[in-house]
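As a basis for the values below, the full set of heavy atoms in this structure was taken, side chains included, without hydrogen atoms, waters or symmetry mates.
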Amino acid sequence: MKEQKYDVFVIGSGVAGQAVAEACVESGLKVAIADKREYGGTCSNRGCNPKKILLGATELIEASKNLEGKGIQNVPKLNWKKLMKFKESFTRTIPKSTEKKIRGLRN
């Protein structure tokens, strides 16, 4: 493999890593970025963002149970398989779109 020289080496391709890489490229620095997992970071792929979908569904059920008999008649049932499929419908594209964005950062 050919040796290459960089001004900055960013570890992690999450939101913070992307921001650092972009700012460095805009400043004229040559940047390399690496991640030990899929591109996009924890928040986008399996943390903050997907959690909002999963937590929102469970909060809805809990609130419905707390109001049952007080105007709420039918507590919704959770179909975990469908909920996970919905969550994955938007997290599935994150690694490739993040890699494309990072590769597009050129100085």
Side-chain angles (χ1 to χ4, degrees):
M1 180 181 272
K2 180 182 167 192
E3 184 178 312
Q4 296 186 21
K5 299 207 182 249
Y6 295 93
D7 300 308
V8 177
F9 185 77
V10 178
I11 300 172
S13 63
V15 175
Q18 291 176 54
V20 168
E22 191 170 342
C24 290
V25 167
E26 287 174 3
S27 295
L29 300 171
K30 187 171 180 182
V31 178
I33 190 166
D35 206 316
K36 70 177 181 176
R37 297 185 86 166
E38 68 275 7
Y39 282 118
T42 297
C43 268
S44 298
N45 285 299
R46 65 196 156 278
C48 310
N49 301 340
K51 174 199 74 182
K52 291 174 185 175
I53 297 297
L54 304 178
L55 189 59
T58 58
E59 287 174 339
L60 174 70
I61 291 170
E62 181 181 7
S64 297
K65 284 181 181 178
N66 291 340
L67 292 170
E68 192 171 19
K70 299 174 185 116
I72 300 296
Q73 295 178 345
N74 298 316
V75 175
K77 299 212 183 295
L78 179 64
N79 182 321
W80 186 254
K81 198 173 200 174
K82 281 187 178 180
L83 184 62
M84 289 300 289
K85 189 174 182 178
F86 171 67
K87 176 196 71 88
E88 290 165 1
S89 73
F90 66 87
T91 58
R92 179 182 323 114
T93 62
I94 292 169
K96 282 191 184 227
S97 64
T98 302
E99 184 176 3
K100 183 177 179 182
K101 176 185 173 187
I102 291 169
R103 287 186 184 281
L105 297 175
R106 303 279 183 214
N107 48 351

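- Taken to the nearest 0.5 Å, the CD atom of E3 stands 5.0 Å off from the NZ atom of K5.
- Through direct or indirect side-chain contacts shorter than 4.5 Å among Ile, Leu, Val, Met, Phe, Trp and Tyr, F9 is connected to I11.
- The minimum heavy-atom distance between G40 and I94, with the atom names listed, is CA-CG2, 4.0 Å.
- Under a hydrophobic-cluster definition in which Ile, Leu, Val, Met, Phe, Trp and Tyr are linked whenever side-chain heavy atoms come within less than 4.5 Å, directly or via other members, V15 and V25 are assigned to different clusters.
- In this structure, the separation between CD on E62 and CD on E59 is 7.5 Å, given to the nearest 0.5 Å.
- Residues E26 and E22 are in side-chain contact: their nearest non-hydrogen atoms beyond the backbone lie under 4.5 Å apart.
- Under the 4.5 angstrom side-chain criterion for Ile, Leu, Val, Met, Phe, Trp and Tyr, the cluster partners of I72 are L67.
- Taking CG of N79 as the start and NZ of K85 as the end, the distance is 10.5 Å to the nearest 0.5 Å.
- Listed by chain and number, the hydrophobic cluster partners of W80 are I53, L54, I61, V75, L78, L83, M84, F86, F90, where partners are ILVMFWY side chains within reach of under 4.5 Å, directly or through others.
- Applying the 6.0 Å contact sphere to CD of E88 captures more than 12 heavy atoms from other residues, nucleotides or ligands.
- Considering CD1 of I33 and SG of C24, their distance stands at 10.0 Å, rounded to 0.5 Å.
- Counting only distance, with no hydrogens or angles, the side chain of D7 and the backbone of V31 share no donor-acceptor pair below 3.5 Å.
- Rounding to the nearest 0.5 Å gives a distance of 3.5 Å between CZ of R37 and CZ of R46.
- Minimum interatomic distance between E38 and S13 (heavy atoms only, all atoms of both residues): O-OG, 4.1 Å.
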For this session: With side chain to side chain contact (heavy atoms under 4.5 Å, CB included) as the test, would you mind laying out the steps for T98 and S44 before giving the verdict?
Result: CA-CA 10 Å; T98 302; S44 298; over 6 Å; no
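- Taking OG of S64 as the reference point, atom NZ of K77 lies at 11.5 Å (rounded to 0.5 Å).
- Across all non-hydrogen atoms, the minimal contact from L55 to T58 is O-OG1, 2.9 Å.
- Heavy atoms of other residues, nucleotides or ligands lying less than 6.0 angstrom from CD of Q73 number 12 at most.
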